[in-house]
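Everything numeric here is computed off the predicted structure, so don't read it as measured data.
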Amino acid sequence: MLFLNNTNDQPLTFLLTGIPGLTAAQVWISIPICLLYVTALSGNSMILFVVIREQSLHEPMYYFLSMLSATDLSLSLCTLSTTLGVFWFEAREINLNACIAQMFFLHAFTFMESGVLLAMAFDRFVAICDPLRYTTILTNARIAQIGVSMLIRNVAVMLPVVLFVKRLSFCSSLVLSHSYCYHVDLIQLSCTDNRINSILGLFALFSTTGFDCPCILLSYVLIIQSVLNIASSEGRQKAFNTCISHIIAVAIFYIPLISLSLVHRYGHSAPPFVHTIMANVFLLIPPVLNPIIYSVKTKQIRKVIVKVLIQKQLQI
C-alpha cells in the first residue's frame with residue numbers, strides 16, 4: 001500500500017465530492033444550495049448593518065445577535081468557494097494545507113456559534129432573573145471579554161487538532177466524502193494510527209458544544225422558574241416572548257447537528273447522495289434561518305430593517 005505524507009515539497013492533493021450518483025443533476029441541485037448561500041450572506045449582512053448603524057440597538061442583546069450574525073456569515077463563507085466550485089466547475093482538488101485551514105475555520109466557527117448561543121442564554125437569564133442589575137452585569141467591556149474568551153477557547157481546542165492532522169500519513173485513496181474538509185472525514189483517510197486525532201476531536205467537541213448545551217438548558221430551567229414566579233399572566237407572557245427567538249436559534253443549531261451525527265452513525269443503508277445533501281443543507285440551516293427568525297420575531301430589528309429599506313427606495 002502506498003503511503004503519502006506532507007513532508008515533501010509538494011503538498012498532498014485531496015479530491016472533494018459533489019453528489020455521488022447524481023453527477024448529471026449536480027448543477028440543478030446546486031441552484032437551491034446557491035440560493036441558501038445568498039440568503040445566508042445577505043440576511044446576516046443586513047443584521048450586522050442595522051445593529052452597527054442604529055444607535056437604539058446598541059444594547060447587550062443586539063451585540064450578541066451581531067456576534068451570531070458575524071459567526072453565521074463566516075461559517076457560510078468557509079464552505080462557499082469549495083462547494084460551488086465542486087458543483088459548478090468540477091473543481092474537486094484541494095491541497096492538504098488548504099483543507100486543514102478550511103477544517104480549522106469550519107469547526108472553529110461552529111464552536112463559536114455554540115458559544116454565542118450560550119452567551120445569549122446568559123443574556124436572557126440576567127434580563128429575566130436579575131433585571132435591575134442587567135446593565136451593570138452586561139457592560140460593553142464584559143461583552144467584549146465574553147467574545148474574546150470564546151475566540152481564545154475555540155483557537156485553543158482547534159490548534160492541537162490541526163497540529164496532529166499535519167502529522168498524519170495518508171493512503172493512496174484521497175477522496176473526501178463532502179464538498180468541504182471535515183475533521184472526521186479527513187482523518188479516516190489516514191493509514192497511520194489516528195486514535196489521538198479522534199480523542200482530540202472528541203475533546204474539542206465536548207469542551208465546546210458538549211459544555212455549552214447543558215449550560216443553555218440549565219439557564220432555561222432557571223428562567224422558567226423565574227417566569228413562573230411572575231404574578232400576572234401578561235408579565236409571564238412578555239418575559240417568555242423575549243426568549244422565543246433564542247430558543248428557536250438553539251433548536252435550529254443543535255437539532256441538525258445531532259441529526260447529522262445520527263445519520264452518519266446509523267444511516268448506513270441510505271444512498272450516499274442523501275448524506276451529502278444533508279451535510280450541505282444542515283450546515284446552512286442556522287445561517288439562513290437565524291436572520292429570518294430575529295427579523296420576524298424581534299420588533300426593534302424588524303422596524304430598523306423596514307426603515308433602511310424605505311430609505312433606500314426613496315434614494316432610488
Side-chain angles (χ1 to χ4, degrees), residues 44 47-48 51 59-76 78 105-131 133-158 161 201-227 239-261 282-283 285-287 289-291 293-294 297-298 301:
N44 287 292
I47 294 289
L48 275 173
V51 171
E59 296 177 6
M61 175 182 172
Y62 302 111
Y63 286 142
F64 288 127
L65 177 57
S66 65
M67 286 184 195
L68 185 66
S69 292
T71 304
D72 282 336
L73 196 61
S74 302
L75 193 57
S76 300
C78 276
F105 288 110
L106 174 62
H107 289 288
F109 285 123
T110 301
F111 298 153
M112 185 72 181
E113 178 141 357
S114 176
V116 173
L117 290 172
L118 174 59
M120 295 174 85
F122 178 67
D123 169 76
R124 291 300 85 207
F125 167 75
V126 176
I128 292 171
C129 300
D130 199 359
R133 296 177 58 208
Y134 181 72
T135 53
T136 56
I137 292 174
L138 287 171
T139 60
N140 290 345
R142 188 154 290 153
I143 292 167
Q145 288 171 357
I146 290 171
V148 171
S149 65
M150 286 188 294
L151 280 172
I152 293 171
R153 179 189 74 167
N154 296 335
V155 172
V157 298
M158 282 306 299
V161 173
L202 286 172
F203 174 76
L205 185 65
F206 284 113
S207 62
T208 51
T209 56
F211 171 80
D212 298 339
C213 188
C215 290
I216 292 171
L217 290 175
L218 176 62
S219 69
Y220 271 101
V221 169
L222 298 174
I223 286 169
I224 290 169
Q225 287 180 345
S226 182
V227 168
F240 188 69
N241 281 341
T242 64
C243 301
I244 293 287
S245 298
H246 180 254
I247 291 170
I248 298 172
V250 170
I252 64 175
F253 175 75
Y254 283 104
I255 291 174
L257 196 66
I258 294 168
S259 301
L260 192 59
S261 300
F282 280 4
L283 194 67
I285 285 177
L289 292 184
N290 281 337
I293 291 162
Y294 277 95
K297 298 297 294 180
T298 309
I301 292 284

Enquirer: Mind checking side-chain contact (heavy atoms from CB on, under 4.5 Å) for I244 and listing every partner two or more places apart, or none if nothing turns up?
Expert: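 Scan of I244 (side-chain contact (heavy atoms from CB on, under 4.5 Å), adjacent residues dropped) gives F240, N241, I248, K297.
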Enquirer: Could you measure the distance from the CZ atom of F64 to the CD1 atom of I143? Nearest 0.5 Å is fine.
Expert: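 Here the interatomic distance stands at 5.0 Å.
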Enquirer: Which pair of non-hydrogen atoms, one from P214 and one from T209, has the smallest distance, and what is that distance?
Expert: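 That would be CD-O, 4.2 Å.
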Enquirer: Is there a side-chain hydrogen bond (donor to acceptor under 3.5 Å, both in side chains) between D123 and Y134? Walk through the geometry before answering.
Expert: CA-CA 8 Å; D123 169 76; Y134 181 72; 2.4 Å; yes
Enquirer: According to side-chain contact (heavy atoms from CB on, under 4.5 Å), who are the partners of S226, at least two apart in sequence or on a separate chain?
Expert: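 In terms of side-chain contact (heavy atoms from CB on, under 4.5 Å), with neighbours along the sequence ignored, S226 is linked to I128, C129.
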Enquirer: Report the residues that fulfil side-chain contact (heavy atoms from CB on, under 4.5 Å) with S207, sequence neighbours left out, ordered by chain and then residue number.
Expert: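 Applying side-chain contact (heavy atoms from CB on, under 4.5 Å) to S207 gives V157, F203.
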Enquirer: Any non-hydrogen side-chain atom of Y294 less than 4.5 Å from a side-chain atom of L68?
Expert: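 Side-chain contact under 4.5 Å: yes.
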Enquirer: M120 versus M67: any side-chain heavy-atom pair under 4.5 Å?
Expert: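 Answer no - side chains too far apart.
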Enquirer: Quick check for you: to the nearest 0.5 Å, what is the distance between L283 atom CG and S76 atom OG?
Expert: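 Here the rounded value is 7.5 Å.
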Enquirer: What's the separation between atom CD in Q145 and atom CD1 in I152, rounded to the nearest 0.5 Å?
Expert: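 Answer for the CD-CD1 pair, Q145 versus I152, is 10.5 Å.
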Enquirer: Between the main-chain N or O of T136 and the side-chain N or O of T139, is there a donor-acceptor pair closer than 3.5 Å?
Expert: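 Side chain of T139 to backbone of T136, a donor-acceptor pair under 3.5 Å: no, none is there.
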Enquirer: Rounded to the nearest 0.5 Å, what's the gap from CG on L75 to CG on N44? Could you check?
Expert: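 The CG atom of N44 is 9.5 Å from CG of L75, to the nearest 0.5 Å.
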Enquirer: Between L65 and T298, is there a side-chain heavy-atom distance shorter than 4.5 Å?
Expert: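 Side chain of T298 against side chain of L65, heavy atoms only: no contact under 4.5 Å found.
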Enquirer: For the pair F105 and F109, name the ring-plane relationship: parallel under 30°, tilted 30 to 60°, perpendicular over 60°.
Expert: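 The rings of F105 and F109 lie parallel, inter-plane angle below 30°.
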Enquirer: Start with the C-alpha distance between M158 and F111, add both sets of side-chain angles, then the distance that settles side chain to side chain contact (heavy atoms under 4.5 Å, CB included), and finish with yes or no.
Expert: CA-CA 10 Å; M158 282 306 299; F111 298 153; 3.7 Å; yes
Enquirer: Considering residues at least two apart in sequence or located in another chain, which fulfil the salt bridge (charged side-chain N to carboxylate O under 4.0 Å, His left out) criterion with R124?
Expert: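 With neighbours one apart ignored, the set is empty.
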Enquirer: Do other residues, nucleotides or ligands put more than 12 heavy atoms under 6.0 Å from F211 CZ?
Expert: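 Not more than 12 within 6.0 Å, no.
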Enquirer: Taking all non-hydrogen atoms of both residues into account, name the closest pair between N154 and A108 and its distance.
Expert: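 Answer, listing the atom of N154 first, then A108: ND2-O, 3.5 Å.
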Enquirer: What is the distance from atom CD1 of I247 to atom CG of L117, rounded to the nearest 0.5 Å?
Expert: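 Here the interatomic distance stands at 12.0 Å.
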Enquirer: Just so I know, are the side chains of I293 and I252 near enough to count as touching, which here means a heavy-atom distance under 4.5 Å?
Expert: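 They are in side-chain contact.
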Enquirer: Please check if the side chain of S69 supplies one atom and the backbone of S66 the other of a donor-acceptor pair under 3.5 Å.
Expert: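 Flag not set: sc S69 to bb S66 has no pair under 3.5 Å.
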Enquirer: Taking V126's backbone N and O only, do any of them form a donor-acceptor pair with D130's side chain (distance below 3.5 Å, no angle check)?
Expert: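 No; zero donor-acceptor contacts below 3.5 Å.
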Enquirer: Not counting sequence neighbours, which residues clear side-chain contact (heavy atoms from CB on, under 4.5 Å) with P286? List them please.
Expert: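 P286 satisfies side-chain contact (heavy atoms from CB on, under 4.5 Å) with D72, E113, F253, N290 only.
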Enquirer: Determine which pairs satisfy side-chain hydrogen bond (donor to acceptor under 3.5 Å, both in side chains) with at least one residue from residues 212-224, sequence neighbours left out, and list them in order.
Expert: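 Counting only pairs at least two positions apart or across chains, the side-chain hydrogen bond (donor to acceptor under 3.5 Å, both in side chains) contacts touching residues 212-224 are S114-D212, R153-D212, Y220-H246.
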Enquirer: Would you give the length of the straight line joining atom OG of S245 to atom CD1 of I301, rounded to the nearest 0.5 angstrom?
Expert: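 Reported value, rounded in 0.5 Å steps: 9.5 Å.
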Enquirer: Would you call F122 and L118 a side-chain contact if the rule is heavy atoms closer than 4.5 Å?
Expert: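 They are not in contact (no side-chain heavy atoms under 4.5 Å apart), so the answer is no.
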Enquirer: Between P291 and I47, which heavy-atom pair has the shortest distance, and what is it?
Expert: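 Shortest heavy-atom separation between P291 and I47 comes out as CB-CG1, 3.9 Å.
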